[in-house]
K.L.:
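Quick one: structure below, then a few questions.
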Amino acid sequence: MIPTILMAAPVANDWITLDFVSLGQNFWSATFDGLTFGSIYALVALGYTLVYGVLNLINFAHSEVFIMGCYAVFFTLSFLGFGPSAPNLGIGQIVVNLLLALLAAIVASALTAFLLERLAYKPLRKRNAPRLVFLITAIGASFTIQYLIFLWRGPVPEQALTMFQTKPIFEVFGTIIYSDQILIVTAAVIMMVVTERFISKSRTGRGIRAVAQDPDTATLMGVNKEKIIITTFVIGGILAGAAALFYVMKIPSGVVYNGGFILGIKAFAAAVLGGIGNVRGALLGGLLLGLIGNYGQILLGNSQWTDVVAFLVLVLVLLFRPEGILGTSLGRSKA
Amino acid sequence: MTLLELDDVSVYYGRIQAIHNMSFTVEEGEIVSLIGANGAGKTTTMKTISGLLNPTTGTIKFMGEDITKMKAHIRVVQGISQAPEGRGIFPAMTVLENLDMGTFGRKDRSGVGEDLERVFDLFPRLKERVKQYGGTMSGGEQQMLAIGRALMSRPKLLLLDEPSMGLAPQFIRQIFKIITEINSQGTTVLLVEQNANQALARAHRGFVLETGEITHSGTGKELLANPAIKEAYLGVG
């Protein structure tokens, strides 16, 4: 018996067809949806970029910081009585529920990031471990958290929970914009702007930038490097927690033990695309990756291509700009 | 009054001993110069005093208090400030932001403006370039910025690690003149240098460091007149 998916597989001469007609017809809906997913990538990308800035470490376990936030959203909403179909609630009740879920996600993700830094990375710093040891530890920590969740929840994804019935809000270029898109993009942009302002203006933010640029000299200025490092992890966790809420809102069925992996890889790619270590780069990279993925998907007529196209663009950009679009150093971008 | 006292300090990098049983003092109001060749242990000594490195044996006292185990970022608040080797300018921060980093550990925000004026008086060039990024400045300007930034914490003891390194001769004379001026305004200075001539001429006292040990000590004039030092460090036979 031939599986239906193989019978439906396109023949060799049409699987590279570029469907510009579809792209033209769906351009704006692809754009708005791309920006929505891009905002989520960007929030997670900030966590990679900030930690890379202060520790020169690609924190591969950040995807698990994110998935812990997703679980917190799931459990909070389950507790509040949500199910697969959207409850019929007033706007006030929806807002309260979302805020509770957001709070739970932020606490869960920030706590995971905090414990990760304290239990996995800080002991290595005390021993002056080489960079490769940090990288292997990051990968090991990622698997450890994944399998701990696996032991607890098993291999089956959690039941999908719908938070609210998305409503069309207004129309732009003949395309309907939905309430969840507006909510996600607005909230994400506000969080990113606040983060950017915090890094560039606050005392702690100056400490983060100083440690990123020259950790020893930062210490000589009176900066407590250890405090800056743990703060950076917690900020990354807070942003990942917010991203978790938005992600579950868009993809309610995605909460599973290894569900952070793909999103983590994409967010990391977004950080590299914009220039890793660069806060504005993470924002730009996230939005671009979201858009490119969605355009590519429509152009090639198959959602399996979303990630391939996105990574192809990433490789092409890095060929010409190895430091990413805005360059690598934290706070170095003057644009 | 003795400001800084090192007593029998030894420092290791792994198994390699970089500093051997070093003891010396810096009195309040002095300029003390520590001279030596590359690899003699000058920077190691500085990092040990500022707390970036920890001694294996021995004690370090600052104003009579044992600071051997005190964390580096707290020593700044206590009054030890360093312009590090290679200047350590934050490349992606402006001149003003770099100077502001010098006040990071300060509790008295009210005195900051006054100290900024003092730094601009000492280094007028920094005032002209407040908005320029640190990474785009010349070596001499970066050295001025490093010293100015170290002064922004209003230190009791200023540590200068090779302030003349990589600078043109006219810059070197200017930097040393300013160091003397900073000292006359009341800041104690401990200086390490390869440029023994200038460093000893400006110092009240000096020490010669060879492979991690102090081999000569005396006033700046005495060391300048010592034939062995002349031959080894001053390029005179």
Side-chain angles (χ1 to χ4, degrees), chain A residues 49-50 52-54 56 122 125-130 196-231 274-282 323-324 326-335, chain B residues 13-14 43 46-47 49-54 70-94 96-107 109 131-136 142 145-146 148-155 158-161:
Chain A
T49 261
L50 290 171
Y52 182 85
V54 293
N56 271 328
K122 194 178 181 184
R125 278 202 305 283
K126 284 203 162 165
R127 285 172 180 73
N128 277 325
E196 209 272 339
R197 292 283 90 187
F198 180 77
I199 301 287
S200 63
K201 297 289 175 210
S202 74
R203 180 168 181 275
T204 304
R206 282 186 292 137
I208 291 174
R209 285 191 295 145
V211 170
Q213 290 174 37
D214 188 337
D216 274 356
T217 306
T219 307
L220 292 177
M221 301 293 115
V223 178
N224 183 348
K225 198 174 99 181
E226 289 298 318
K227 205 169 135 193
I228 290 294
I229 290 170
I230 193 76
T231 308
I276 190 149
N278 185 318
V279 173
R280 291 175 193 183
E323 297 211 315
L326 293 183
T328 53
S329 179
L330 195 62
R332 188 169 291 195
S333 77
K334 291 158 216 163
Chain B
Y13 287 108
T43 294
M46 286 307 220
K47 285 186 171 175
I49 297 169
S50 60
L52 290 178
L53 290 173
N54 293 313
M70 187 185 279
K71 295 242 162 59
H73 64 93
I74 301 190
R75 294 189 199 191
V76 188
V77 184
Q78 298 295 311
I80 301 176
S81 186
Q82 183 179 352
E85 185 191 28
R87 300 157 200 139
I89 296 306
F90 299 112
M93 292 189 191
T94 64
L96 197 60
E97 285 179 305
N98 265 283
L99 289 172
D100 193 42
M101 280 309 299
T103 69
F104 197 86
R106 271 178 83 147
K107 304 273 187 285
R109 302 303 300 175
K131 287 190 175 158
Q132 193 175 334
Y133 280 86
T136 65
Q142 287 194 353
L145 181 53
R149 187 181 59 183
L151 287 174
M152 289 302 291
S153 68
R154 197 178 277 189
L158 177 64
L159 305 175
L160 300 176
D161 195 342

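Chain naming here is simple, since letters A, B, ... match the order of the sequence lines and numbering starts at 1 in each. Computed from a predicted model, the values in this text were never measured in an experiment.
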K.L.:
Side chains of Q213(A) and M93(B): does their closest heavy-atom pair fall under 4.5 Å?
P.N.:
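Of all side-chain heavy-atom pairs linking M93(B) with Q213(A), at least one is under 4.5 Å.
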K.L.:
What heavy-atom pair brings H73(B) and V223(A) nearest, and what distance separates the two atoms?
P.N.:
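Residues H73(B) and V223(A), closest heavy atoms: CB-O, 3.4 Å.
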K.L.:
Does R209(A) qualify as a cation-pi partner of F90(B), given the criterion of NZ or CZ under 6.0 Å from the six-membered ring centre and within 45 degrees of its axis?
P.N.:
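No; the conditions do not both hold, so R209(A) does not lie above the ring face of F90(B).
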K.L.:
Please classify the contact between R149(B) and chain A as side chain, backbone, both or neither, with a heavy-atom cut-off of under 4.5 Å.
P.N.:
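Interface part for R149(B): side chain.
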K.L.:
Which bit of D100(B) is near chain A, if near means a heavy-atom gap under 4.5 Å: side chain, backbone, both or neither?
P.N.:
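Interface part for D100(B): both.
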K.L.:
Quick one: are P84(B) and L220(A) in side-chain contact, heavy atoms under 4.5 Å?
P.N.:
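Side-chain contact under 4.5 Å: yes.
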K.L.:
Do R87(B) and T217(A) touch side chain to side chain, with heavy atoms closer than 4.5 Å?
P.N.:
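Counting from C-beta outward, R87(B) and T217(A) never come under 4.5 Å.
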K.L.:
Most heavy-atom pairs under 4.5 angstrom with chain B, which of N128(A), D216(A), T219(A), N224(A)?
P.N.:
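Option with the top pair count is N224(A).
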K.L.:
In terms of heavy-atom pairs under 4.5 Å, which option from R203(A), K225(A), R206(A) contacts chain B the most?
P.N.:
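Of the candidates given, the most pairs with chain B belong to R203(A).
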K.L.:
Shorter than 4.5 Å, heavy atoms on both sides: which option in K47(B), M101(B), R75(B) has the most such pairs with chain A?
P.N.:
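The answer is M101(B).
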